[in-house]
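In what follows, a structure is listed as structure tokens, so that the remarks can point back to it.
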Amino acid sequence: MTREEILQQLRSQVKASRYKHCLGVEKAARELAVRFGYENPEVAALAGLLHDYAKEQPQAEYLRLIDMYGLDEALKDWGNNVLHGLVGWLKIKEDFPFIAQEHPEILQAIKTHTVGSSTMSMLDKIVYVADYIEENRTFEGVDEARKIAQRSLDAAVAFETVRTVEFLAKKRVPIYPQTIETYNAYVNALTAVEE
Ligand SMILES: [Fe+2]
Ligand SMILES: [Fe+2]
């Protein structure tokens with residue numbers, strides 16, 4: 001697939017503002033890859049570009065994927081925010097067969113991009129952080145996140161996860177267990193840069 005074909009396919013699945021966000025994450029992921037010495041910045045860029053490809057799928061499509069690929073039934077209790085990564089990567093696998101064949105690590109990074117994990121690869125961290133700090137983001141704290149991401153990828157993962165846990169707890173909504181695992185695995189990296 002050419003870049004133009006990939007962009008066209010992405011544009012057909014997400015609204016204009018999300019398409020712009022995806023281009024921002026593509027750029028941020030490439031920059032993080034270069035900064036922290038990831039072996040293939042273009043792979044990181046492609047993972048960033050497609051990370052939210054499945055974000056606007058109807059609930060029925062996530063349910064189809066869970067059933068078809070035999071994923072954990074408990075996923076059905078969670079909303080779009082969790083499902084577009086943990087389930088949505090299978091949509092990307094279906095629609096972009098070359099990715100599964102040539103760069104399965106991209107699917108892994110997209111699967112993990114909203115909840116993280118306790119054993120993130122460098123590419124997983126790059127996409128997770130790029131999603132948070134890309135140039136179109138304007139929320140309070142994003143500048144601090146960008147500053148931390150200049151110095152340490154692990155600390156940037158930790159900062160983002162702390163903020164996510166705080167945000168969800170303040171809203172009094174359940175937190176997906178894997179998010180807590182990510183928090184526990186990386187929170188010390190943040191204390192290290194804050195000292
Ligand atoms: Fe996402
Ligand atoms: Fe995103």
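Ligands are counted one by one from 1 in listed order, and the atoms in each one are counted from 1 as well. Just so it is clear, the values below take in all heavy atoms, side chains as well, and ignore hydrogens, waters and symmetry mates.
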Inset, instruction - Have a look at E56 and tell me which of K91, R18, K15 forms a salt bridge (charged side-chain N to carboxylate O under 4.0 Å, His left out) with it. - result: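 That would be R18.
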Legend entry - Qualifying residues under salt bridge (Lys or Arg N to Asp or Glu O under 4.0 Å), relative to D124, sequence neighbours excluded: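 For D124 there are no salt bridge (Lys or Arg N to Asp or Glu O under 4.0 Å) partners, ignoring immediate neighbours.
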Legend entry - Full working for ring-ring contact (aromatic ring centres under 6.0 Å, His included) between Y19 and Y53: CA-CA 9 Å; Y19 180 70; Y53 176 79; over 10 Å; no
Inset, instruction - Check whether any side-chain N or O of T182 sits under 3.5 Å from a backbone N or O of S118 as a donor-acceptor pair, and report yes or no. - result: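 Not a single qualifying donor-acceptor pair exists.
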Inset, instruction - Tell me whether V127 is reachable from Y38 by hopping between hydrophobic residues (I, L, V, M, F, W, Y) whose side-chain heavy atoms are closer than 4.5 Å. - result: yes
Inset, instruction - Please report how many protein N/O/S atoms lie under 2.8 Å from the Fe ion (ligand 1). - result: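 With waters ignored, the protein N/O/S count below 2.8 Å is 3.
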Legend entry - Neighbour count >12 (heavy atoms, 6.0 Å) for atom OH, Y176: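 Atom OH in Y176 is crowded, with more than 12 foreign heavy atoms closer than 6.0 Å.
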Legend entry - C22 N/O/S atom closer than 2.8 Å to the Fe ion (ligand 2): no
